[in-house]
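We name chains A, B, ... by the order of the sequence lines, and we start the count at 1 in each one. Computed from a predicted structure; not experimentally measured.
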Amino acid sequence: MELEKIVQKTASEGLKNLFDVVFPEDKINLQKTRKDFDGDVTVLTFPFTSFSKKSPEETGEMLGKYLLKHCDQVADFNTVKGFLNLVITDDYWVAFLANIAKEDNYGHLSAPSGKIIMVEYSQPNTNKPLHLGHLRNNMLGYSLSNILKANGHEVIMANIINDRGIHICKSMLAWQKWGDGETPESSGLKGDKVVGKYYVAFDKHYKEEIKELVDGGMNEEEAAKKAPLILEAQEMLQRWEADDKETRDLWEKMNSWVLAGFDVTYENLGVTFDEVYYESNTYILGKDYVTEGLKNGTFYQKDDKSVWCDLSHDKMDPKLVLRADGTSVYITQDIGTAVQRFEEYNLDQQIYVVGDEQIHHFKVLFSILKKMGYEWAGSNFHLSYGMVELPSGKMKSREGTIVDADDIMAEMIQTAKELSEELGKLEEIEEQEKDRLYNLIGLGALKYFLLKVDPKKKMLFDPKESIDFAGNTGPFIQYTYTRIKSLLRKAETDQNLTFSDEYDLEDKERDLIKLLNEYPEVIKDAGEALSPALVANYVYELAKSFNNLYQALSILKDVDPEVTAFRLNLSSETGKVIQSAMLLLGIELPDRM
RNA sequence: GCACCCGUAGUUCAACUGGAUAGAAUAUCUGACUUCGGAUCAGAGGGUUGGGGGUUCGAAUCCCUUCGGGUGUACCA
């Protein structure tokens with residue numbers, strides 16, 4: 001049984017015994033003892049004073065004595081105000097280390113939960129390349145999926161590609177007009193970059209047209225609607241919806257370029273999907289459900305034939321779900337895909353990883369599903385993450401401040417290369433392997449940077465200061481790992497690695513073991529809070545703690561063979577947990593760097 | 001206007017969801033065995049948690065108020 005459970009159970013028994021009250025085990029508030037006090041685990045005794053009728057200290061003293069007597073793992077205790085600090089025996093920690101060494105996947109929940117969860121993330125538009133914001137989305141979705149799997153859930157990673165609509169027609173039209181037959185092959189550009197170029201070109205010419213109209217006396221709003229280019233794009237969209245062959249062929253050609261480009265980015269980034277949806281296939285979905293809902297009174301129709309959903313039960317304004325001409329809006333499709341997914345996969349939960357600007361949209365969506373009577377409506381969750389901002393504010397294509405995903409990845413890898421060459425530790429390694437390592441390190445820095453911040457909060461990216469390789473960073477953790485690997489390589493293979501049950505722990509050893517002990521709880525918390533940042537912060541703490549020990553204590557040299565054996569075991573287990581945690585974040589580890 | 005989110009060292013982020021003297025990193029300064037890998041480690045300075053009230057044994061965290069920033073409020077996606 002885990003230490004915390006044992007303490008809670010015994011403490012609960014103690015309260016029954018001392019004060020004759022039933023206090024549920026899991027309500028006993030435990031926390032790590034802060035560094036400046038003696039002890040490992042702390043029980044909060046404030047909540048007990050209401051029935052102990054004694055001061056927090058006295059209550060703590062009484063409970064402490066009981067635990068010392070009845071709990072083998074407790075070696076000593078002290079009370080400070082309402083804090084009962086328990087000192088855990090070295091025997092427990094030593095045995096604990098020996099135990100996790102035997103586990104295959106320490107920290108992961110071994111028993112399946114039986115829950116099926118779909119995580120939808122990425123959701124790119126096929127009119128422009130991915131940027132830094134998308135990278136945050138992708139890393140969150142991917143890492144979160146890993147964390148949920150580690151919690152024993154079955155996870156379906158889904159992507160939905162926004163491949164239709166007016167914005168797609170804009171790049172198509174621009175390519176027709178000014179493309180001169182350019183293809184990714186002819187220009188040597190990635191497919192998504194080619195298409196993105198024409199999206200920008202459209203915007204530029206469109207702005208010019210608007211300006212001309214405004215100069216001619218038209219007001220801006222009207223000019224934006226009347227500019228010839230936008231009218232042409234709208235016509236194209238109609239042709240697309242009417243299945244016009246020429247339009248569809250162009251659409252397919254350009255989409256295939258973009259998707260090939262995205263595949264490269266995804267591949268480099270290391271994210272994957274189990275299921276890829278295309279909006280061109282799903283956008284009609286949902287109409288049937290609306291029609292049905294109209295019949296049974298969930299929705300209502302206005303005189304102009306448009307269909308609405310009343311959301312006064314959730315204190316929101318009515319939402320349109322079908323236009324007067326019978327065409328669907330975006331949320332119509334979301335209704336359709338949600339129903340379809342829950343039915344097809346028998347989902348227990350669906351998580352949408354989408355930026356926080358769409359909080360309201362998802363509130364409305366979930367409210368509509370609730371109104372439609374689906375019992376799973378409440379099992380939808382919008383994981384809204386904050387935008388990635390630059391010091392100047394939001395990224396804006398108009399001002400050319402978009403940080404391109406491919407570019408930033410390449411830059412990070414380049415920086416890793418330069419730094420490595422400067423340090424000169426990889427000279428004997430062959431070129432191909434070197435490149436692989438630069439990749440791991442550069443991407444490790446980028447991914448860790450994106451994941452270490454609480455998803456809910458917006459984050460700042462300063463291109464000038466760029467991303468660090470020292471301090472609380474991916475490379476720091478990777479570096480710690482390579483040190484451990486190096487140690488294990490150096491250790492004689494025939495060395496006897498067993499150690500005595502009564503090994504006497506140094507403080508730094510105990511600190512490290514205590515952190516290892518926290519790992520399963522971290523995975524659980526991260527799964528519940530849907531926050532990879534918890535894993536990131538934990539693994540950083542762990543790496544720091546190891547470095548601290550490494551610097552202060554000798555592992556291979558000048559120590560007793562048993563001490564070497566113990567510390568090698570401790571190093572090895574630390575390495576395993578570092579690797580395990582980093583893989584949850586989607587970050588790979590080099591053996592040397 | 002209304003709704004929601006955010007204000008924590010110079011800067012970027014933490015704080016076990018109400019617990020102890022608010023912690024890291026970075027930047028600045030100082031130090032580390034003739035190094036088991038210095039992309040490391042140790043130390044110093046740096047804070048009225050935007051301001052003001054309240055709730056209680058206890059508040060960065062909850063409530064009210066005020067100031068500052070962001071987002072949303074589409075028959076766009």
Mind checking A/D163 for me? I need base, sugar-phosphate or nothing, with any heavy atom below 4.0 Å counting as a touch. nothing
Would you say the base of B/rA20 and the side-chain of A/N85 have a donor-acceptor pair closer than 3.5 Å? yes
Taking a pair to mean Watson-Crick or G-U wobble geometry with both distances below 3.5 Å, B/rU34 pairs with none
State whether the aromatic ring of A/F46 stacks on the base of B/rG19, taking stacking to mean ring centres under 5.5 Å apart and ring planes under 30° to each other. yes
In the strands shown, is B/rU17 matched to any nucleotide by a Watson-Crick or G-U wobble pair with both distances under 3.5 Å, and which? none
Strictly by Watson-Crick or wobble contacts shorter than 3.5 Å, is anything paired with B/rC2, and which nucleotide is it? B/rG72
Which donor-acceptor pairs under 3.5 Å do side chains of residues 158-168 of chain A form with protein atoms, sequence neighbours excluded?
unit_1: A/N159; atom_1: OD1; unit_2: A/Q123; atom_2: N; d: 3.0
unit_1: A/N159; atom_1: ND2; unit_2: A/Y266; atom_2: OH; d: 3.2
unit_1: A/N162; atom_1: ND2; unit_2: A/N125; atom_2: OD1; d: 3.3
unit_1: A/N162; atom_1: ND2; unit_2: A/E279; atom_2: OE1; d: 3.4
unit_1: A/D163; atom_1: OD1; unit_2: A/E279; atom_2: N; d: 3.4
unit_1: A/D163; atom_1: OD1; unit_2: A/S280; atom_2: N; d: 2.8
unit_1: A/D163; atom_1: OD1; unit_2: A/S280; atom_2: OG; d: 3.4
unit_1: A/D163; atom_1: OD2; unit_2: A/S280; atom_2: OG; d: 2.7
unit_1: A/R164; atom_1: NH1; unit_2: A/E241; atom_2: OE2; d: 3.4

In Watson-Crick or G-U wobble terms, both distances under 3.5 Å, what is the partner of B/rA25? B/rU11
Flag the pair A/E433 and A/R436 as a salt bridge only when some basic side-chain nitrogen lies within less than 4.0 angstrom of an acidic carboxylate oxygen. yes
Taking donor-acceptor contacts at under 3.5 Å, does the side chain of A/T42 reach the base of B/rA20? yes
Donor-acceptor pair under 3.5 Å, A/Q551 side chain vs B/rU40 base: yes
Rounded to whole Å, the CG-C1' distance (A/D525 to B/rA15) equals 14 Å
A/Y538 side chain to A/L515 main-chain N or O, any donor-acceptor pair under 3.5 Å? yes
A/D462 CG: over 12 foreign heavy atoms closer than 6.0 Å: yes
